[in-house]
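So the structure is just underneath, and the comments pick up after that.
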Amino acid sequence: MAQAKRVQVAIVGAGPSGLLLGQLLHRAGIDNIIVELRSAQYVLGRIRAGVLEQTTVDLLDEAGVAARLHREGLIHDGTQMAFGGKRHQINFRKLTGGKTVTVYGQTELTRDLMETRHEEGAPTIYEALDVSVHGFDAKPVVRFHKDGAEHEIGCDFIAGCDGYHGVTRASVPAAAIRTFERVYPFGWLGLLSETPPVSEELIYCNHPRGFALCSMRSPTRSRYYVQCSLDEKAESWTDQMFWDELRRRVDPEAAESMVTGPSIEKSVAPLRSFVAEPMRFGKLFLAGDAAHIVPPTGAKGLNLAEHDVRLLADALIDWYDHGRRDLLDSYSADCLRRVWRAEHFSAWMTAMLHKAPNGDEFDEKLQLSQLRYVTTSRAAATSLAENYVGLDRV
Ligand code: APR
Ligand code: PHB
């Protein structure tokens with residue numbers, strides 16, 4: 001006999017989407033439970049990106065989870081584009097009337113969300129096996145196994161926050177969903193090290209050998225990436241090989257001043273663009289990576305996820321507080337406008353900065369012309385800047 005329980009909202013997945021949704025609902029007095037496949041430790045072990053738009057920071061403030069972010073996050077006024085041996089700044093603050101981004105690792109944000117949830121006594125079931133979702137056209141139920149026992153949660157709504165490989169999107173009947181996808185013929189090899197970042201701002205590098213990115217997590221911790229082939233294995237790269245390749249791709253000044261050291265983490269990530277439409281199926285709502293993926297070049301993944309969550313939380317609160325369903329009904333379309341803008345921006349940045357494996361010199365010339373344009377024309381630079389810091393209206 002399954003152990004049965006009832007909540008208003010059952011959330012599948014304890015990544016940044018599920019945890020923030022849980023927090024916003026908890027604050028609004030809507031009871032919710034999060035069911036997560038992995039352990040908390042495993043979730044915190046994933047190294048992901050770390051650039052937050054101002055609207056994401058504002059949302060985290062509202063959710064009451066931004067104290068450490070304000071102490072430790074690094075505010076960036078702009079970013080650097082390196083090509084043809086030189087570096088050029090795109091100044092977000094000047095081009096967008098004062099907007100900036102905050103560099104704060106997704107791992108740290110996840111930790112803050114987890115700790116707050118724990119302190120406030122909201123329930124999360126980690127290591128929930130065989131999670132399945134049922135009845136979302138009428139009476140939703142989430143089932144799972146934990147410590148050998150079968151559990152069942154009845155609820156009003158299910159939030160699918162279980163990422164790209166999750167179970168919620170996969171449970172939707174094929175005829176009810178459309179997906180749009182592009183897989184890129186290259187990946188990113190990333191390295192994390194306890195070394196001071198080479199530059200105060202991120203450097204996005206276009207180089208004939210392939211893309212490179214110089215990023216950071218703190219004034220003493222750096223995150224670097226080099227474009228690699230899809231079948232590359234992180235284990236076959238020694239730290240020295242990585243640093244040598246990175247130095248070849250960045251501008252000479254960065255190559256000269258870069259401080260290297262042992263890696264804390266090294267991993268290969270594929271690049272993908274993916275959108276599922278719609279994002280709502282009766283009483284099941286998808287949010288974050290469960291519904292869409294962007295290649296990381298535009299630093300949009302986390303921001304898009306948290307934007308979905310804001311709209312979903314607002315819609316659920318409006319339903320519970322006022323019995324209004326308009327926001328629930330417009331949720332999918334409202335999210336997808338921003339999703340497609342971010343898809344375009346991320347694909348465009350990716351195309352401008354990466355070496356196409358089957359590309360020719362014509363492609364390289366076009367990329368360099370585009371890079372000169374975005375670093376010399378105020379209009380073109382503003383377009384990049386306003387997309388990077390996040391648009392107010394989409
Ligand atoms: N049952 C329960 N939980 C699951 C299942 C399942 N079948 N499958 C996956 N999960 C969990 C994962 O273990 C993970 O902790 O769902 C969570 C999904 O988290 P994320 O993949 O981080 O997705 P999301 O919370 O939407 O965050 C989006 O992550 O990949 C980045 O760029 C992306 O920054 C963005 C953010
Ligand atoms: C990162 O710091 O991991 C990072 C930063 C910017 C990106 C992608 C990744 O565009």
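All ligand and atom numbering here is 1-based and tracks the order in the structure. Atoms considered below: every heavy atom in the structure, side chains included; atoms not considered: hydrogens, waters and symmetry mates.
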Practice item. Compute the ring centroids of Phe186 and His354, then answer whether they are less than 6.0 Å apart. Key: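 Judged by ring-centre distance (under 6.0 Å), Phe186 and His354 do meet the cut-off.
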Practice item. Let me see the working for Asn32 and Gln8 under side-chain contact (heavy atoms from CB on, under 4.5 Å), right down to the final yes or no. Key: CA-CA 6 Å; Asn32 64 86; Gln8 289 172 302; over 6 Å; no
**Study point:** Any donor-acceptor N/O pair, Arg280 side chain to Gly282 backbone, under 3.5 Å
**Key:**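 Yes, Arg280 side chain to Gly282 backbone: donor-acceptor pair under 3.5 Å.
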Point to revise | Pairing residues for Glu194 by the salt bridge (charged side-chain N to carboxylate O under 4.0 Å, His left out) criterion, not counting sequence neighbours | key: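 Here the qualifying residues are Arg221.
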Review point. Which residues satisfy the salt bridge (charged side-chain N to carboxylate O under 4.0 Å, His left out) test with Arg182, sequence neighbours excluded?
Key: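 None.
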Exercise for review: May I ask you to say whether Asp58 pairs ionically with Arg310, meaning some side-chain N is under 4.0 Å from a carboxylate O?
Suggested key: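 Answer for the salt bridge query: no.
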Review point. Could Arg223 and Glu265 be called an ion pair, given the rule that one side-chain N must be under 4.0 Å from one carboxylate O?
Key: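 Yes.
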Output block, N or O contacts of ligand 1, threshold 3.5 Å exclusive:
unit_1	atom_1	unit_2	atom_2	d
ligand 1	3 (N)	Leu37	N	3.2
ligand 1	13 (O)	Glu36	OE2	2.6
ligand 1	13 (O)	Arg46	NH2	2.7
ligand 1	15 (O)	Glu36	OE1	2.7
ligand 1	15 (O)	Glu36	OE2	3.2
ligand 1	15 (O)	Arg46	NH1	3.1
ligand 1	15 (O)	Arg46	NH2	3.2
ligand 1	22 (O)	Arg48	NH1	2.8
ligand 1	25 (O)	Pro16	N	3.2
ligand 1	25 (O)	Ser17	N	2.9
ligand 1	25 (O)	Ser17	OG	3.2
ligand 1	26 (O)	Ser17	OG	2.7
ligand 1	26 (O)	Asp289	N	3.0
ligand 1	29 (O)	Arg48	NH1	2.9
ligand 1	29 (O)	Gln106	NE2	3.2
ligand 1	30 (O)	Arg48	NH1	2.9
ligand 1	30 (O)	Asp289	OD2	2.6
ligand 1	34 (O)	Gln106	OE1	2.6
ligand 1	34 (O)	Leu302	N	3.1

Check your understanding: So which residues, sorted by chain and number, lie with a heavy atom under 4.0 Å of ligand 2?
Key ->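 The 4.0 Å shell around ligand 2 contains Ala49, Val51, Trp188, Leu202, Tyr204, Leu213, Ser215, Arg217, Arg223, Tyr225, Pro296, Thr297, Ala299.
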**Study point:** Minimum heavy-atom distance between Ala10 and Cys155, given as atom pair plus value
**Key:**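 Smallest interatomic distance, heavy atoms only, reads CB-SG, 3.8 Å.
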Check your understanding: Can you say whether the rings of Phe157 and Tyr320 are parallel (under 30°), tilted (30 to 60°) or perpendicular (over 60°)?
Key ->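 Geometry flag for Tyr320 against Phe157: perpendicular rings.
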